[in-house]
Amino acid sequence: MSKLKIFTKGFFAENAVFVMLLGLCPTLGTTTSALNGLGMGLATTFVLVMSNVAVSLVKNLIPDKVRIPAFIVIIATFVTIVELSMQAYLPDLYAVLGLFIPLIVVNCIILGRAEAFASKNNALDSAIDGLGMGLGFAMALTMLGSIREILGSGSIFNMKIYQGDGALVFVLAPGAFIVLGYLIALVTKLTKKA
Amino acid sequence: MEYILLIISAIFVNNVVLAQFLGICPFFGVSKQVETALGMTGAVIFVMTIATVVTYLLQKYVLDVFGIQYMQTITFILIIASLVQLVEIILKKVSPALFQALGIFLPLITTNCAVLGVAILAVRPDYNFSLLQSTIFAMSTAIGFGLALVLFAGLREHMELADIPEGMKGVPIAFITAGLLALAFMGFSGIA
Amino acid sequence: MASKTKSTFVNMVVVLFVISALASTALAFVYQATKEPIAKAKLEIKKKAIAQVVPEFDTSYNPIENMFKIALAEGDSLECYPTKKGGDFSGYAIKANTNKGFAGEFWIMVGFTPDGKIYNTAVLEHHETPGLGDKMQKSKSNWSEQFTNLDVPNIKDIDGDGILIEVKKDQGTVDAITAATISSRAFCDACERAYTAFKKIKK
Amino acid sequence: MLKTFTKGGIHPPENKLSADKKIKILPIPKQVFIPVSQHIGAPAKVLVKKNDLVKVGQLIAEQGGFVSANIHSPVSGKVFKIDNVTDTSGYKRQAIVINVDGDEWDDKIDRSSNLKKDFDLSSEEIIKKVQEAGIVGLGGATFPSHIKLMPPKDMVAEVLIINGVECEPYLTSDHRLMLEKAEEMLVGIQILMKALKVEKAFIGIENNKQDAIEHLNKLVKSYKGIDVVPLKVQYPQGGEKQLIKAVIDREVPSGELPISVGAVVHNVGTAFAVYEAVQKNKPLIERVVTVTGKSVKSPGNFLVRLGTPVKELIEASGGLPEDTGKIISGGPMMGKALNTMDVPVVKGTSGILILPKEEAKRRKVKPCIRCAKCVEVCPMGLEPFLLMTLAEKSMYERSEKEDVMDCIECGSCSYTCPSDRPLLDYIRLGKNQVGAMRRARSRK
Amino acid sequence: MHQKNNKSMSKLIVSLSPHQLGTNSVNKLMYGVLIALLPTLFVSVWFFGLGAIIVILTSVLSAVIFEFLITKYVLKRENTITDGSAVITGLLLAFNLPSSLPVWLVIIGAFVAIVVAKLSFGGLGNNPFNPALIGRVFLLISWPVQMTSWPVPSPISNKFLGYTDVTTGATPLGKLAEAMRNGESMTSFFEKIPNYTQMAIGNMGGSLGEVAAIALIIGLVYMLMKKIITWHIPVSILGTVAIFTGILWLVNPVKYANPMFHLLSGGLLLGAIFMATDYVTSPMSKKGQIIFGIGIGVLTVVIRLWGAFPEGVSFAILIMNAFVPIINMYIKPKRFGEKAK
């Protein structure tokens with residue numbers, strides 16, 4: 001597989017959210033606005049790249065039977081690093097994303113990539129894979145966040161684009177599910193044609 | 001009364017799936033049939049309650065005491081992962097039939113973020129829960145998860161027999177349904 | 001390619017132990033490195049909030065270091081951050097909570113001038129409904145401006161229940177946020193609690 | 001309050017056009033077609049060959065298994081051929097074709113019309129006579145009657161129920177029989193009671209046959225143990241299980257026979273046939289058939305020799321109307337549509353119904369709106385909408401769990417469906433598939 | 001002769017029984033519901049004037065147009081307008097809206113009802129949730145301010161052209177929620193609201209179609225007579241609400257309003273008679289329907305008395321809609337000859 005392909009597959013062909021349906025909790029929970037979605041996406045990307053690299057470096061040292069716990073420890077370490085750094089340097093974003101930051105650890109994408117890719121490939125490829133997957137995830141979250149922000153608050157990245165109140169429901173839980181449902185239908189339709 | 005409110009709040013008002021977006025993966029993954037949904041519910045109630053009790057004690061008597069709260073994520077997830085293993089082993093021995101039915105879902109509980117999420121929520125300083133409160137909170141949350149899961153499974157089984165348009169079949173319509181279910185559950189808001 | 005470590009018991013224990021040890025060490029290091037900034041960030045938020053709700057003050061007298069608690073009832077106390085200007089107390093920022101919110105407890109900072117007027121308010125933390133209750137935040141709407149310079153001691157207690165800061169529906173003077181009466185009422189409750197605490201200082 | 005069954009049911013327009021038309025004897029046709037499968041169970045075995053000469057009442061095919069029935073020649077003449085002939089099922093099946101020559105009867109048969117009330121036979125002897133005469137259920141189910149007279153060892157018959165309900169719209173053959181052959185029928189009932197060793201018999205008759213109820217009520221006084229039970233008009237009251245529920249308020253458990261609640265049900269036509277077999281030595285060679293339909297010139301009831309082509313019946317009632325869309329053997333609810341008028345009248349033919357094109361057209365099928373009307377009317381307490389969807393989606397395992405096999409195919413669901421969905425068609429498909437599944441399982 | 005016969009034979013229609021079908025039809029049922037809604041329509045126009053007409057027309061028209069466009073161009077299925085279900089959805093949606101709601105919101109509501117709640121699932125017969133209620137709740141949560149501004153009704157003669165320029169006031173239930181929160185006694189509360197006669201004829205604030213109890217009950221009687229619906233759902237809902245609120249009222253008449261008030265106020269009658277009885281989204285068996293009704297009754301009272309929303313009928317029906325598949329799965333009609341288990 002070429003490096004480019006490793007990088008781009010995460011955007012469409014194997015997009016974590018639209019195609020693989022992984023990491024749905026943060027996808028729905030943190031996308032009340034485009035910015036929050038982007039922030040969550042980037043935080044996840046960081047953890048994904050770092051844990052992918054770490055896993056691929058130590059993959060041969062870890063006995064198979066304790067593979068999963070070992071991966072979880074590695075992932076949890078990076079998650080905590082993100083959590084602490086965000087608290088220190090981006091307190092506003094941390095306040096918004098809240099619980100979902102520690103929950104990156106149980107995001108199936110990360111353990112999934114560690115299992116499916118990093119434990120079988122070299123560090124560079126794993127890093128590219130993590131970056132591609134992570135950015136694909138971030139893209140999906142930003143897209144969802146943008147739509148919800150536009151429909152729900154009448155703004156995008158906090159810039160007002162129309163007067164008056166949006167449809168509040170899109171900021172709330174029901175809107176998240178509904179928008180993602182139609183988005184997946186749309187993405188499936190477009191990718192099928194292509 | 002305080003406990004009743006806690007229970008109602010966790011099951012209906014702040015439903016873990018429909019309002020808090022936790023445990024979405026199993027919510028979609030294990031909701032194709034009501035029967036498996038019921039089994040999964042049982043497993044989650046069990047794991048979530050025990051996990052919360054154990055992590056609560058760990059937080060109060062180890063992490064807080066030694067001032068190493070930053071180890072929270074890492075220790076909690078390890079405890080949950082080993083608990084799931086334990087449940088798997090016990091279930092295999094005690095009820096092979098149930099194990100057969102749930103076998104594939106049990107590992108899923110490890111990555112059920114609702115379990116970790118509830119464990120973390122239960123020790124949040126601003127909640128200031130007692131051990132009993134935490135336990136009730138965890139159990140009610142799990143029941144709320146189960147309620148949403150079973151209702152959703154029923155709706156999906158119903159849709160198996162319906163005439164869903166081609167482009168909406170499968171995942172998309174499942175999300176729309178979940179959205180409408182969440183919309184209905186908004187009616188519970190403010191009960192306290 | 002190096003051969004894979006075998007799953008013997010010793011190997012497993014050793015590997016897990018080493019990984020955990022490395023992880024803890026790494027975390028301990030990061031924790032140490034971020035401890036200061038986190039504390040600073042938290043302090044910053046508090047400082048900003050205090051500065052928002054009281055008149056300009058002399059930085060020589062640190063309100064955070066001089067924080068004191070005022071008990072309202074058994075096990076219920078509020079934090080007060082006093083400020084000075086030119087040697088005299090120029091304002092009191094009181095961090096008040098209420099559990100009457102739509103989605104549970106929320107925290108606001110209420111600043112008083114020494115004569116008992118509310119100088120300004122700021123929302124610290126809340127879970128109110130986006131688009132409705134969250135309009136009490138300055139960034140979302142100008143609703144909370146009606147609390148600015150609110151002359152609490154001169155409000156007439158019309159319904160005689162001893163509470164001064166109330167929404168109009170409860171015979172008070174405050175306009176509620178449309179469709180979010182509960183949040184508005186809770187906000188008033190927090191202010192009232194802060195005012196009660198303030199009166200205790202004055203005594 | 002009149003008695004009826006309690007679950008489901010519909011009340012389609014009765015359309016009993018031929019109710020006051022006396023039974024006419026249809027002339028013997030030139031050629032008759034006698035299928036060897038006129039009953040439920042194994043086909044009868046042919047005993048004659050081409051060119052054999054036969055008399056009226058002569059055994060021409062004998063019982064081909066435990067569940068099967070004898071067949072006698074309804075005419076005299078020469079066997080023309082033994083060939084495959086289209087019957088009411090629409091399939092070609094083996095049949096004996098006889099060219100009619102005169103009307104020469106078997107000597108043993110008493111052809112007089114005088115009423116013979118007394119009989120002195122044991123239960124076993126009666127059953128043997130019934131069996132020999134080839135009598136089957138004449139209500140349409142065509143289940144060999146002698147089997148119903150022999151309850152399994154561990155079960156005892158307590159009561160005989162005579163089905164004079166005739167709940168199918170249009171049909172009047174049973175109604176006429178009750179009016180014109182009442183005494184014979186009552187004697188037949190007494191014979192059946194004797195055979196079953198029961199003391200009690202009820203004749204269930206729907207309230208729309210007031211004259212028959214009155215007539216029989218007068219006559220039963222001189223017959224011990226027989227009562228007439230007027231019933232509220234409701235379809236499908238003629239269904240065995242529904243009738244038992246209506247008359248003696250017992251529910252036959254799912255998958256079991258009426259005898260499990262101590263009841264045996266026979267049709268009025270069967271009772272009459274039993275009379276003729278036992279008292280007159282006359283095997284089952286003719287029956288009453290209603291020919292009806294709104295466009296039919298002169299609807300009527302005919303006493304017809306079995307094997308007579310349907311065409312002859314239609315000719316006798318004024319010919320085939322111009323706008324005919326459908327010819328049905330039986331009633332509009334459970335009858336079978338014919339694809340040709342050449343099919344012969346058989347033991348189970350209770351009527352020939354001719355529907356004009358306008359009524360026969362299938363309506364456009366619309367989506368199910370889940371109005372639950374089919375659930376409301378199902379006399380078996382099933383959920384037809386679900387059974388149809390399951391069959392549509394080939395989910396037969398679930399069909400079985402949803403008790404598809406309990407369906408009695410009364411058609412109430414299809415009748416009532418506002419979306420004109422062919423519920424029963426799909427339920428039949430489900431029943432077939434589940435039946436095949438069960439057979440495959442039992443083979444294992 | 002033989003030839004000719006065969007020819008005429010080939011025209012015979014052969015199909016499986018039954019050969020005779022009843023006179024029920026979807027159109028007949030749907031138009032029956034529409035007729036049953038007419039009295040309510042009349043009352044709403046009488047009390048809310050031009051506003052009612054604008055909201056109803058917009059809602060019905062946009063529902064029909066959305067149904068037409070989506071079925072034709074997106075789903076590419078047969079036209080379903082004539083079955084009347086889109087008209088009913090549009091009308092019921094309008095009956096659940098205040099008469100002063102801006103037209104563009106009405107259109108959005110109709111879009112959500114028809115496109116999201118109904119056609120996404122494949123149209124009539126497939127949707128698990130009541131489309132009109134989804135439309136209403138969507139609007140209520142998205143635009144709570146507009147959705148809870150209730151014009152004060154006035155007979156048509158007084159103020160026909162009162163669409164934009166109306167005084168608004170709270171519904172009796174809104175006032176009840178206020179009173180309960182303030183710990184006000186019921187005696188003083190009842191002085192503030194219209195009396196029962198006024199409530200029964202619909203002279204109070206509220207959604208278009210929910211105010212007129214008498215008109216709604218006429219509709220119910222009509223539908224029962226025409227066998228469009230059975231009594232099970234409406235009676236179990238209303239009965240449950242009456243019993244539940246009755247018990248609370250007997251225990252503490254100062255704190256809780258009496259059952260009569262609960263029955264006449266808000267959208268309870270509209271919901272129980274026209275929304276919960278929607279064929280598609282209610283259980284199939286009678287037993288199931290009664291459970292469904294009891295569930296709606298209980299949830300309605302719970303949300304009314306303790307929830308954030310003054311009126312809970314819509315939510316209660318939607319929540320119970322979600323239970324319908326489970327109810328259908330486990331509550332079966334009693335089979336004939338069912339063996340005791």
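Here is how names work: the chains are called A, B, and so on, in the same order as the sequence lines, proteins then strands, and each is numbered from 1.
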Original post:
Among B:Ile176, B:Leu161, B:Leu151, who wins on heavy-atom pairs under 4.5 Å with chain E?
Top reply: B:Leu151

Original post:
Under a 4.5 Å heavy-atom cut-off, does chain B meet the side chain of E:Ile134, its backbone, both or neither?
Top reply: both

Original post:
Ring centroid separation for B:Phe145 and B:Phe27, is it under 6.0 angstrom?
Top reply: no

Original post:
For the side-chain contact (heavy atoms from CB on, under 4.5 Å) test, which of E:Val298, E:Ile273, E:Leu268 pairs with E:Ile237?
Top reply: E:Leu268

Original post:
Is chain E contacted by the side chain of B:Met168, its backbone, both, or neither, given a heavy-atom distance below 4.5 Å?
Top reply: side chain

**OP:** Give a yes-or-no answer on whether the side chains of E:Asn96 and E:Ser207 include a donor-acceptor pair shorter than 3.5 Å.
**Re:** no

Original post:
Measuring heavy-atom distances to chain B, does E:Ile319 have an atom under 4.5 Å in its side chain, in its backbone, in both, or in neither?
Top reply: both

**OP:** Take B:Gln59 and B:Asp64 through the side-chain hydrogen bond (donor to acceptor under 3.5 Å, both in side chains) test and state the conclusion after the steps.
**Re:** CA-CA 6 Å; B:Gln59 177 81 24; B:Asp64 284 357; 3.0 Å; yes

Original post:
Which atoms of E:Leu299 come close to chain B, meaning under 4.5 Å heavy atom to heavy atom: side chain ones, backbone ones, both, or neither?
Top reply: side chain

Subject >> Region of E:Phe121 that comes under 4.5 Å of a non-hydrogen atom in chain B >> reply: both

Subject >> Interface moiety of B:Leu147 toward chain E, non-hydrogen atoms closer than 4.5 Å >> reply: side chain

**OP:** Examine the side chains of E:Asp83 and E:Ser85 and answer whether a donor and an acceptor come within less than 3.5 Å of each other.
**Re:** yes

Original post:
With only heavy atoms counted, which part of E:Val116 is less than 4.5 Å from chain B, the side chain, the backbone, both or neither?
Top reply: both

**OP:** Give a yes-or-no answer on whether the side chains of E:Ser236 and E:Gln289 include a donor-acceptor pair shorter than 3.5 Å.
**Re:** no

